[in-house]
Amino acid sequence: MNIEQKLTEKTIDALKTLYGGEVNTVSFEKTNPDFAGDYTLVVFNFLKLSKKKPEDTAREIGEYLKSNLSEIADFNVVKGFLNLVISDVYWLDYFNSLQRKENFNQPIPANAPVVMVEYSSPNTNKPLHLGHVRNNLLGYSVAEILKAAGNKVIKTNLVNDRGIHICKSMLAWQKWGNGETPESANMKGDHLVGKYYVLFDKHYKAEVAHLITKNYSEEDAEKKAPLMLEIKEMLLKWEQGDKAVRALWEMMNGWVYKGFEKTYAIMGVNFDSTYYESNTYVLGKEIIDDGLAKGVFKTRADKSVFIDLTPDGLDEKTLLRGDGTSVYITQDLGTALKRQQEVNFDKLIYTVGNEQDYHFKVLFLILNKLGYIWSKGLHHLSYGMVELPEGKMKSREGTVVDADDLMDEMIATAAATTEELGKVNDLTETEKSELHKIIGLGALKYFILKVDPKKKMLFNPAESIDFNGNTAPFIMFNYVRIRSMIAKATSADATWQNTANTNFAASCLLPKEKELISKLHSVDAIIQQAAAEFSPALIANFTYDLAKEYSQYYHDTPILKEEHNEIKFFRLHLSKSVGLVIKELMNLLGIIVPDKM
RNA sequence: GAUCCCAUAGCUCAGCUGGAUAGAGCAACGGUUUUCUAAACCGUAGGCCUUUGGUUCGAAUCCAAAUGGGAUCACCA
């Protein structure tokens, strides 16, 4: 039982003994740094029970706790706030018992909940941009956090590899590509395909403009433009399985996959399974029949199937076209059912931007109405858009920040900064470039993940991402100092590692040391909270706080230079623990920490 | 027209399950290095927590409205 649970339990006892009150739960908070103490109980809520002044109530509870809990060294009362001072002995004992494991990926019990995390879900007509980067980093990190919190996690990707937008780049390449390939163009496959997607749009817009000069309405021009007609025909051929179209489709998608693989590899994300919409888009018919049989869905005169959600404050939603073909939501219904049948998940997390809030609301509601109990386990991890100073990114208007370019720039900046500081000249070129990658990508990942996923975030390309302050390089820097110090200590005298801290006098514990131990004490709770809220930002901000505390400690406190071995060894052990925790928490964000920098 | 989301320092963000004097980083200004990695540390300055009303012993936090910003409401995905 940890100290918070003990406090809660004894406080409930205190209220019963002192005032005869039955209370189910009380909550403590960390004492405000301006006051003496570790935990604070706000007693205003108990005045009805005590029928006494706040100060008296607080004092009486304080006295009860002090005499019934050996961990409490002292207490003080300020107005209605009861500040409890936990004894140094408790913190030191806790630290001694803390056998911090090397990483959080402990064996997961066989009966652990199965959680599927879907993320990335790219279109195969253009390269990934900053918006996708946020999606990928979030999905990957949330999956890792869920693992650390004791879940069986399956990372999954749903690739949008078909549809009219895919045909656009295909047609453009066919018309104007002259057989260009990624090799001949010396270009990543996804970028090459993206080039033709943009090219299509350019020609298409020209056609539309031309038709408008011939007195077509804008709407008509968009529909009648020759390229639009060709595209529709191509899509139809694709659906009919036309050999030539399919071959072109497979070739160009192949290019894109090769490109994506590279991007994923450098980004450091991965998947346990991948679904392709070209396979899943026909799914869902089963569900349609089921819904019709249950009377949840209805049929219109033209044979299209829909559900009336107006009683739920939503609209009518079409689920199947009149010609019997699937729409987006049909496929999602089918894919959800298929996944449930295949992996029997307890939870399925969809990492998708908040522009699709309505879609997922409808999707979950429909599954619920169909009586699928498992639909309660579905969750839309809805994240905010990444905006540029001039607004939202738009692929077609070219106002996107390309993922590959951005990562390259980050690595280049990291390289320049590292060279300038010149602290790692003993590394080989290979080691150096690996280090630049770790620092540059770490900075980018941290920059994105430290923001609450639910909120939109702003990225200003003109201002480069910081390497100082609340950043990954700062956190890494503290880790590296610890590593360096420990290496020195060990090469001088390795015995410290085997020395327990049992002889260390609690009276020597510095306030900062107590704070650091208290911080380590709350790591597990933070991980659980981050898992419950699907929020890597909580991990990021906690890790920064820890690193900052440590940085101050490191600055103010002699460690290697401490003369008394007992104290020196304790400080080394404390530093080592902080280092391990930093490493583990950063890994949950998908960030690697270097040994030198 | 309807629904949903957002508003905290010059900028980017924490804090939001109600609690004490609202915190970081960047940018600005000043200081710290013969001593464990200065990508650091310390200090100064910077706030009507968009506004108004309500609930409460107590509101940045909960509720309502207003204002401003964003998104969504396809037989598109």
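So you know, we letter chains A, B, ... as the sequences are listed, proteins then strands, and number each from 1.
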Span that lies between the P atom of B:G53 and that of B:U44, in whole angstrom: 35 Å
Out of B:C26, B:C57, B:C76, whichever nucleotide has its closest atom nearest the side chain of A:Phe44: B:C57
Nucleotide opposite B:U56 in a Watson-Crick or G-U pair, distances under 3.5 Å: none
Check: A:Asp332 side chain, B:A77 base, donor-acceptor under 3.5 Å: no
A:Ser326 side chain vs A:Tyr281 backbone, donor-acceptor pair below 3.5 Å: yes
A:His555, nearest nucleotide to its side chain (from B:G19, B:C13, B:C41): B:C41
B:A40 pyrimidine/purine six-ring stacking with A:Phe474, under 5.5 Å and 30°: no
Any A:Asn468 side-chain N or O less than 4.0 Å from OP1/OP2 of B:A40: yes
Selection from B:A38, B:A71, B:U35 that lies nearest to any side-chain heavy atom of A:Phe477: B:A38
Short side-chain N/O contact to B:A40 OP1/OP2 from A:Ser551, under 4.0 Å: no
Separation between the P atoms of B:U61 and B:U56, rounded to whole Å: 16 Å
Candidate nucleotides B:G70, B:A14, B:A40, ranked by approach to the side chain of A:Asp452 - the nearest: B:A14
Nearest-Å distance once atom C1' is located in both B:A60 and B:A22: 7 Å
Phosphate-side-chain proximity, A:Lys455 and B:A14, N/O vs OP1/OP2 below 4.0 Å: yes
Sugar-phosphate, base or nothing in reach of A:Thr325, heavy atoms under 4.0 Å: nothing
5' priority, RNA chain B, between A:Tyr358 and A:Asn45 [closest heavy atom]: A:Asn45
Closest to side chain of A:Ile439, choosing from B:G25, B:A39, B:C13: B:A39
Spacing between A:Glu355 atom CD and B:U3 atom C1', to the nearest angstrom: 17 Å
Integer angstrom distance from the C1' of B:C57 to that of B:G18: 12 Å
B:A39 phosphate, OP1 or OP2, under 4.0 Å from A:Thr417 side-chain N/O: no
Sugar-phosphate, base or nothing in reach of A:Val327, heavy atoms under 4.0 Å: sugar-phosphate
Complement of B:C73, any strand, by Watson-Crick or G-U distances under 3.5 angstrom: B:G1
Sugar-phosphate, base or nothing in reach of A:Val451, heavy atoms under 4.0 Å: sugar-phosphate
B:U72 phosphate, OP1 or OP2, under 4.0 Å from A:Gln356 side-chain N/O: no
B:U21 pairs with, by Watson-Crick or G-U criteria that keep both distances under 3.5 Å: none
Salt bridge present between A:Asp323 and A:Lys303 (N-O < 4.0 angstrom): no
Closest-nucleotide 5' rank along RNA chain B - winner of A:Lys454 and A:Leu458: A:Lys454
Base B:A20 to side chain A:Thr40, donor-acceptor N/O within 3.5 Å cut-off: yes
G-U wobble or Watson-Crick pairing nucleotide for B:A40 (cut-off 3.5 Å, both distances): B:U32
side-chain N/O A:Arg483 vs B:C36 OP1/OP2, d < 4.0 Å: no
Enclosure of A:Glu219 CD (heavy-atom neighbours >12, cutoff 6.0 Å): no
B:U37 phosphate, OP1 or OP2, under 4.0 Å from A:Lys488 side-chain N/O: yes
Touch class at under 4.0 angstrom, heavy-atom based, for A:Met457 against every strand present: sugar-phosphate
Nearest to side-chain heavy atoms of A:Phe35, which nucleotide of B:U37, B:G19, B:A20: B:A20
P spacing across the pair B:G15 / B:A9, given as an integer number of angstrom: 15 Å
Salt-bridge criterion met for A:Asp289 and A:Lys285 (N-O under 4.0 Å): no
Residues, nucleotides or ligands: over 12 heavy atoms within 6.0 Å of A:Arg481 CZ: yes
C1'-based separation of B:C13 from B:G47 [nearest Å]: 15 Å
Distance between P atoms of B:C36 and B:G30 (Å, rounded): 28 Å
Sugar-phosphate only, base, or nothing, as touched by A:Phe306 at under 4.0 Å among non-hydrogen atoms: nothing
Nearest-neighbour nucleotide for the A:Lys548 side chain, B:U35, B:A40, B:A24 considered: B:A24
Touch class at under 4.0 angstrom, heavy-atom based, for A:Glu463 against every strand present: nothing
Residue-phosphate contact under 4.0 Å: A:Arg321 side-chain N/O, B:A74 OP1/OP2: no
Pairing nucleotide - B:G46, Watson-Crick or G-U, each distance under 3.5 Å: none
Sidechain N-carboxylate O distance under 4.0 Å for A:Glu4, A:Lys30: no
Whether A:Phe200 and A:Tyr204 hold their rings parallel, tilted or perpendicular, with breakpoints at 30° and 60°: parallel
Exercise: do A:Tyr328 and A:Gln356 side chains pair donor with acceptor under 3.5 Å: yes
